[in-house]
Amino acid sequence: MRVLVLGSGAREHALVARLAGERDVGEIVCAPGNPGIARIARTVHADLAHLDPLVELADREQIDFTVVGPELPLSLGVADRFAADGRLLFGPTAAAARLESSKAFAKAFMARHGVPTARFHTSDSLDDALAVVRSGELGSPVVLKADGLAAGKGVVIADDRASAEAAVAAAMGERRFGAAGERLVIEECLSGPEVSFFVVSDGTRALPLGSAQDHKRVFDDDRGPNTGGMGAFAPSPIVDGALHARVMHEIVEPVVAGMAAEGHPFRGFLYVGLMLTANGPKVIEFNVRLGDPEAQVILPLVDEPLLPILIAAAAGDLRQSACRMGHDRFVGVVLASRGYPESSESGQAIAGLDDAERLPGVTVYQAGTARRDGQLVTAGGRVLTIVGRGAEFSEAIAHAYAGVQRISFDGMQYRRDIGRKALVNES
Ligand code: AMP
Ligand code: GLY
């Protein structure tokens with residue numbers, strides 16, 4: 001079977017690496033890929049914001065099955081275009097992808113289907129948003145979210161009324177988030193530990209893949225600005241059997257049934273961002289894809305071939321409700337460039353990658369890298385994810401950071417505390 005993977009990050013490197021070892025997989029083409037992916041698959045140039053050339057690529061390469069990494073092509077309708085061309089693709093239609101591409105849609109959908117989430121109000125005008133903030137009806141602090149895709153930067157937690165008003169003015173008056181901020185979701189601020197829960201859905205059923213915890217802030221101890229993710233570990237030790245069952249029953253099942261009932265069955269990876277509040281798990285956000293860096297630690301949990309699961313789900317014919325899960329723990333540490341997340345340097349030579357990859361229990365996935373005169377150099381904010389594997393989190397952490405120690409590039413920054421939260425249950 002000829003497989004096309006769309007994307008260029010460490011998440012896609014992990015997906016390609018995973019699929020490359022599987023029985024039914026012939027050639028893998030990755031568009032656009034990166035130098036790490038190019039060692040295990042054929043990479044071809046592509047711009048994921050333009051769908052026609054992607055369909056042409058699939059035709060030209062005689063692709064049998066396509067897996068989509070990032071949200072942008074999904075929100076633009078790549079699944080719809082491939083379906084119209086008679087091609088099997090794993091990923092939701094644009095209408096189903098609104099669970100991520102429109103926070104206003106996601107919140108209204110949850111309200112319609114009784115899915116637990118923070119109380120909210122959706123505003124389409126500056127005056128309305130200011131009135132909601134001034135009324136204090138959603139409590140304080142209050143959370144402001146741009147409706148559209150904002151690359152993880154569209155959320156402001158305002159500690160008091162004045163900063164809430166300022167954030168509303170920035171989003172709707174000064175258009176700080178561009179068109180994504182023309183509509184705002186204003187919501188109650190929840191508290192509790194955050195976990196991510198992943199399933200594969202075929203439109204009517206859902207197969208859980210496991211749970212993970214991300215580290216969104218750039219600095220140790222969750223300080224500094226939000227990023228796309230500086231590290232992750234899986235499985236989350238706080239998601240026990242009872243919580244797992246509750247999330248499936250109270251959240252995943254009503255979401256899948258609700259999307260089907262509304263005529264937009266959700267087929268794809270569903271990433272449920274949860275806050276475990278004193279009143280039970282509540283949805284913070286949905287993503288319609290795997291997370292990055294969560295994919296790098298979630299995919300190795302699944303201890304059976306992934307391709308047949310994805311194909312069955314894409315075809316709406318997923319007959320299994322569980323998959324075999326391994327017992328190892330995984331910790332992924334992101335190595336980022338100087339200046340990330342505000343800006344990022346490029347062109348710095350990366351040393352030590354081969355050494356790191358030779359260590360037992362260490363896997364390296366590439367993201368913002370490029371080849372220049374035969375040398376691997378940095379080419380973006382998040383450069384590499386170093387994943388450590390272990391029977392316990394302490395061992396997985398030790399492996400991940402042993403890998404990190406071998407690698408260097410000018411301006412390299414990373415968090416020293418990835419996975420520490422998972423250690424509380426290990427003695
Ligand atoms: P999002 O882009 O929706 O994932 O939001 C980014 C981050 O903001 C989340 O990971 C949470 O840490 C935080 N956040 C979002 N919504 C809320 C909320 N209602 N209450 C508290 N924190 C929130
Ligand atoms: N790591 C967060 C995300 O992929 O959305």
Side-chain angles (χ1 to χ4, degrees), residues 7 9-12 14-15 68-72 74-75 97 99-107 110 116-122 138-159 164 167 177 180-181 184-198 211-218 222-234 236 269-279 281-299 332-334 336 340-341 365 367 381-382 385 415 418 421:
R11 166 182 53 206
E12 288 76 19
L15 257 174
V68 186
E71 63 276 17
L72 179 69
L74 293 168
S75 69
L99 282 176
E100 175 169 359
S101 63
S102 169
K103 292 197 189 281
F105 171 84
K107 294 295 287 193
M110 286 190 272
T117 189
R119 288 190 302 122
F120 72 102
H121 180 96
T122 300
L138 295 168
S140 182
V142 73
V143 183
L144 305 155
K145 299 186 174 183
D147 176 44
L149 294 179
K153 294 182 184 135
V155 175
V156 176
I157 299 179
D159 286 328
F177 307 121
L184 279 189
V185 170
I186 306 172
E187 66 179 38
E188 144 196 45
C189 188
L190 302 175
S191 60
E194 267 185 83
V195 301
S196 311
F197 196 89
F198 297 85
S211 58
Q213 285 176 242
D214 192 7
H215 300 64
K216 284 201 166 80
R217 305 295 196 94
V218 72
D222 298 327
R223 284 175 298 117
N226 263 325
T227 69
M230 293 299 289
F233 59 84
S236 165
F269 290 115
L270 181 66
Y271 166 143
V272 185
L274 294 168
M275 200 163 265
L276 307 180
T277 74
N279 298 317
K282 296 196 180 187
V283 176
I284 290 283
E285 65 164 344
F286 293 116
N287 293 314
V288 300
R289 50 172 174 81
L290 287 175
D292 185 346
E294 291 91 332
Q296 295 88 300
V297 293
I298 281 283
L299 291 173
V333 179
V334 170
Y340 180 75
Y365 298 113
R382 293 192 292 174
T385 305
R415 280 180 57 160
I418 304 298
K421 273 183 234 168

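All ligand and atom numbering here is 1-based and tracks the order in the structure.
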State the atoms of ligand 1, each with its element, that fall below the 4.0 Å cut-off from a heavy-atom position in Glu188.
->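 By the 4.0 Å cutoff, the relevant atoms are 18 (C), 19 (N), 20 (N).
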Does any N or O in the side chain of [X] come within less than 3.5 Å of the main-chain N or O of [Y], such that one atom is a donor and the other an acceptor?
X      : Y      : answer
Thr227 : Gly229 : yes
Asn287 : Tyr271 : no
Thr385 : Gly332 : no
Thr117 : Val283 : yes
His215 : Ile418 : no

Contacts under 3.5 angstrom, residues 184-194 side chains, donor-acceptor by atom type, not counting sequence neighbours:
from	atom 1	to	atom 2	distance (Å)
Glu187	OE1	Lys107	NZ	2.7
Glu187	OE2	Lys145	NZ	3.1
Glu188	OE1	Arg119	N	2.7

Could you tell me whether ligand 1 has any atom less than 4.0 Å away from a heavy atom of Cys189?
->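 Yes.
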Per-residue contact class, Asp214 against ligand 1 - non-hydrogen pairs under 4.0 Å =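 The answer is neither.
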Out of [options], whose heavy atom is nearest to [atom]?
atom                    : options                        : value
atom 23 (C) of ligand 1 : Ile284, Val283, Leu274         : Ile284
atom 10 (O) of ligand 1 : Met275, Lys145, Glu194, Glu100 : Glu194
atom 19 (N) of ligand 1 : Glu187, Lys216, Lys282, Lys103 : Glu187

Ligand 1 to Val143 polar contact by distance, N or O atoms, under 3.5 Å =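 There is no such contact.
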Who passes ring pair (Phe, Tyr, Trp, His ring centres under 6.0 Å) against Tyr340, sequence neighbours left out?
->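 Partners of Tyr340 under the ring pair (Phe, Tyr, Trp, His ring centres under 6.0 Å) test: none.
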Those protein residues which place at least one heavy atom below 4.0 Å from ligand 2 |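 Within 4.0 Å of ligand 2, the protein residues are Asp214, Gly228, Tyr271, Asn287, Arg289, Gly291, Asp292, Pro293, Glu294.
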Using the test salt bridge (charged side-chain N to carboxylate O under 4.0 Å, His left out), find all partners of Arg11 that sit at least two apart in sequence or belong to another chain.
->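 In terms of salt bridge (charged side-chain N to carboxylate O under 4.0 Å, His left out), with neighbours along the sequence ignored, Arg11 is linked to no residue.
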Phe105 vs Leu99, side chain to side chain contact (heavy atoms under 4.5 Å, CB included): CA-CA, chis, key distance, verdict = CA-CA 7 Å; Phe105 171 84; Leu99 282 176; 4.0 Å; yes
